[in-house]
Peer 1: 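Take this structure first; my questions come after.
No experiment lies behind these values; they were computed from the predicted model shown.
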Amino acid sequence: MNLFNSALGKNITFVRPEYFIVRGFIGIPKIKYYYVFLCFVYIVSVIGNTAVMAVIYLDHNLRTPKYIAVFHLAFVDLFGSSALMPKLLDIFLFNHRYVPYNDCLTFLFFCYICLSMQVLNLVALSYDRLIAIMYPLHYQVKVTHRFMLSLIASFWVFVVTVVLIAVGLLTRLSFCKSVVINSYFCDHGQIYRLACNDYTPSYVFSKFLIALILWLPLAFILLSYLCIGYALSKVATAQERYRAFKTCTAHLSLVAIYFLPILITFTMNSKIHPNARIINLSLTSVFPPMLNPIIYVLQTQEIKASVKRLLRIRGKSKITTNK
């Protein structure tokens, strides 16, 4: 307890810098073109996720628990991209690398909330597929609109709480040495390592956070697909197995896109070059929000059918108006 009391004590004066400096890439010429590329990815992400949300909202056939989770995933992707990219572009394209202390913590708070919610949304979708395939006759009873909304709301409460604790622990640190953050945004791990007092509580909580929001969800998703694979092996015909598994392909693609770069980064850890780490994590932050709507439109029959139906209705309305 003394270890935590040293960081959380009431009679300590904390040294807080006026600003942090977000360093970004080191020694790469013409790196601004990379940020222009990220800007393009962001624009595509905004258009794609807005389109998916609009299709689900307009088509009453998609008002199902599964598409509540898909709508929420598109919303979180849009929110997360908008929390990260405009500030990132402002820092590096317009060279505003001096980020005020409070702004940096706010930036961290929203980025981590969105990244965490993306993972937990994949958990919600995997649970939906698990029940749909293992208990098809009970699916409408077990996975209701109310259940899915309650699950998503509980995820929000959980994520906001743990990220607030992480940010709160950072406010108990003193920064009397370097204020240069070796990352592309106000990264939690890079900030607490700059402290000149004991940052053990932040270190311990960061490991706890990684286990709760990365490894535990990944374990649940993998376990759910092992159960799905076992359930499909009991299905009579190969065609029925293929049809059932096809409903999972979009979700599996999202899981692979999100987790593989993170797993590579964490596995290599100190062996990976700082620039390679920034590229890997920055692409992980912006590519899934861009690819998610594309994958769902291309691989989900219901959304493809809905888009065609909406375009057909719009075409007919234009013809009627011209007449």
Peer 1: Give the C-alpha distance, both sets of side-chain angles, the deciding distance and a yes or no for ring-ring contact (aromatic ring centres under 6.0 Å, His included) between F107 and Y112.
Peer 2: CA-CA 9 Å; F107 186 26; Y112 270 80; over 10 Å; no

Peer 1: What heavy-atom pair brings Y139 and P65 nearest, and what distance separates the two atoms?
Peer 2: OH-CB, 4.5 Å

Peer 1: Determine, using the 4.5 Å side-chain heavy-atom cutoff (strictly less than), whether Y42 and F94 are members of one ILVMFWY cluster.
Peer 2: yes

Peer 1: Given side chains that start at C-beta, do those of M134 and C227 come closer than 4.5 Å, heavy atoms only?
Peer 2: yes

Peer 1: Below 4.5 Å, heavy atoms only, C-beta onward: do S224 and R129 meet side chain to side chain?
Peer 2: no

Peer 1: Nearest 0.5 Å, please: how far is OG in S253 from CD1 in I295?
Peer 2: 5.0 Å

Peer 1: Are Y57 and Y67 an aromatic pair by the rule of ring centers under 6.0 Å?
Peer 2: no

Peer 1: Establish whether L232 and L223 are linked, either directly or via other cluster members, by ILVMFWY side-chain heavy-atom contacts under 4.5 Å.
Peer 2: no

Peer 1: Return the OG to CG distance between S116 and L212, rounded to the nearest 0.5 Å.
Peer 2: 10.0 Å

Peer 1: Members other than I47 in its cluster, when Ile, Leu, Val, Met, Phe, Trp, Tyr link by side-chain heavy atoms under 4.5 Å?
Peer 2: I43

Peer 1: Please assess L38 against L283 for the test side-chain contact (heavy atoms from CB on, under 4.5 Å), listing each intermediate value before the final yes or no.
Peer 2: CA-CA 8 Å; L38 292 185; L283 290 178; 4.2 Å; yes

Peer 1: Listed by chain and number, what are the ring pair (Phe, Tyr, Trp, His ring centres under 6.0 Å) partners of Y34, not counting sequence neighbours?
Peer 2: F25

Peer 1: I need the single residue from F92, F40, Y184 that forms a ring pair (Phe, Tyr, Trp, His ring centres under 6.0 Å) with Y35. Which is it?
Peer 2: F92

Peer 1: Verify side-chain contact (heavy atoms from CB on, under 4.5 Å) between I113 and V160, making sure each step is shown before the conclusion.
Peer 2: CA-CA 6 Å; I113 279 181; V160 169; 3.9 Å; yes

Peer 1: So, for H188 and S206, which heavy atoms are closest and what is the spacing to 0.1 Å?
Peer 2: CE1-CB, 3.7 Å

Peer 1: Check whether NZ of the Lys or CZ of the Arg R63 lies under 6.0 Å from the centre of the six-membered ring of F71 and within 45 degrees of that ring's axis.
Peer 2: no

Peer 1: Just wondering, do S154 and L151 contact through their side chains at under 4.5 Å, heavy atoms?
Peer 2: yes

Peer 1: Taking the side chain as everything from C-beta on, heavy atoms only, tell me whether M117 gets closer than 4.5 Å to H72.
Peer 2: yes

Peer 1: Which of these passes side-chain contact (heavy atoms from CB on, under 4.5 Å) with I131: Q140, H138, K142?
Peer 2: K142

Peer 1: Could you tell me whether F110 atom CZ has more than 12 heavy atoms of other residues or ligands within 6.0 Å of it?
Peer 2: no

Peer 1: Between Y19 and N102, is any pair of side-chain heavy atoms under 4.5 Å apart?
Peer 2: no

Peer 1: Using the salt bridge (charged side-chain N to carboxylate O under 4.0 Å, His left out) rule, collect all pairs that involve residues 178-188, keeping only residues at least two apart or in two chains.
Peer 2: D187-R277

Peer 1: Within this structure, what is the CG-OG1 distance for the pair L62 and T64, rounded to the nearest 0.5 Å?
Peer 2: 6.5 Å

Peer 1: NE2/H145 to OG/S150 distance, rounded to the nearest 0.5 angstrom?
Peer 2: 12.5 Å

Peer 1: Specify the closest pair of heavy atoms between P217 and A211, including all atoms of both residues, with the distance to one decimal.
Peer 2: CD-O, 4.2 Å

Peer 1: Got I152 and I68 here, is their nearest side-chain heavy-atom distance under 4.5 Å?
Peer 2: yes

Peer 1: Do I26 and F185 share a hydrophobic cluster, counting only Ile, Leu, Val, Met, Phe, Trp and Tyr and linking them when any side-chain heavy atoms are less than 4.5 Å apart?
Peer 2: no

Peer 1: Which label fits Y192 and Y199: parallel for a plane angle under 30°, tilted from 30 to 60°, or perpendicular past 60°?
Peer 2: tilted

Peer 1: According to the salt bridge (charged side-chain N to carboxylate O under 4.0 Å, His left out) rule, which pairs have a member within residues 18-45, sequence neighbours left out?
Peer 2: none

Peer 1: Contact between F175 and V15 at the side-chain level, heavy atoms closer than 4.5 Å - yes or no?
Peer 2: no

Peer 1: Restricting to non-hydrogen atoms, name the atom on F205 and the atom on L169 that form the minimum distance, rounded to 0.1 Å.
Peer 2: CB-CD1, 3.8 Å

Peer 1: Apply side-chain contact (heavy atoms from CB on, under 4.5 Å) to residues D128 and M148 and explain how you reach the verdict.
Peer 2: CA-CA 9 Å; D128 174 86; M148 188 59 73; 4.3 Å; yes

Peer 1: Quick one: are the C111 and C186 sulfurs under 2.5 Å apart?
Peer 2: no

Peer 1: How far apart are the C-alpha atoms of L108 and L170, what are their side-chain angles, what is the distance that settles it, and do they pass the side-chain contact (heavy atoms from CB on, under 4.5 Å) test?
Peer 2: CA-CA 11 Å; L108 180 154; L170 290 181; 3.8 Å; yes

Peer 1: Can you name the nearest heavy-atom pair linking P17 to V179, along with the distance?
Peer 2: CB-CG1, 3.6 Å

Peer 1: What's the shortest heavy-atom distance between P288 and D77, and which atoms?
Peer 2: O-OD2, 4.3 Å

Peer 1: Would you say L260 ends up clustered with F220 if hydrophobic residues are merged whenever their side chains have heavy atoms under 4.5 Å apart, either directly or through other cluster members?
Peer 2: no

Peer 1: Any non-hydrogen side-chain atom of L130 less than 4.5 Å from a side-chain atom of Y225?
Peer 2: no

Peer 1: How long is the straight-line distance from CG of L254 back to CG of L73, given to the nearest 0.5 Å?
Peer 2: 6.5 Å

Peer 1: List for me each residue that meets disulfide (SG to SG under 2.5 Å) alongside C196, sequence neighbours excluded, and say none if there are none.
Peer 2: C176

Peer 1: Got a sec, which residues hit ring pair (Phe, Tyr, Trp, His ring centres under 6.0 Å) with F158, two or more places apart in sequence or on another chain?
Peer 2: none

Peer 1: Is it the case that the side chains of N292 and Y258 hold a donor-acceptor pair, with the cut-off being a distance below 3.5 Å and no angle test?
Peer 2: no

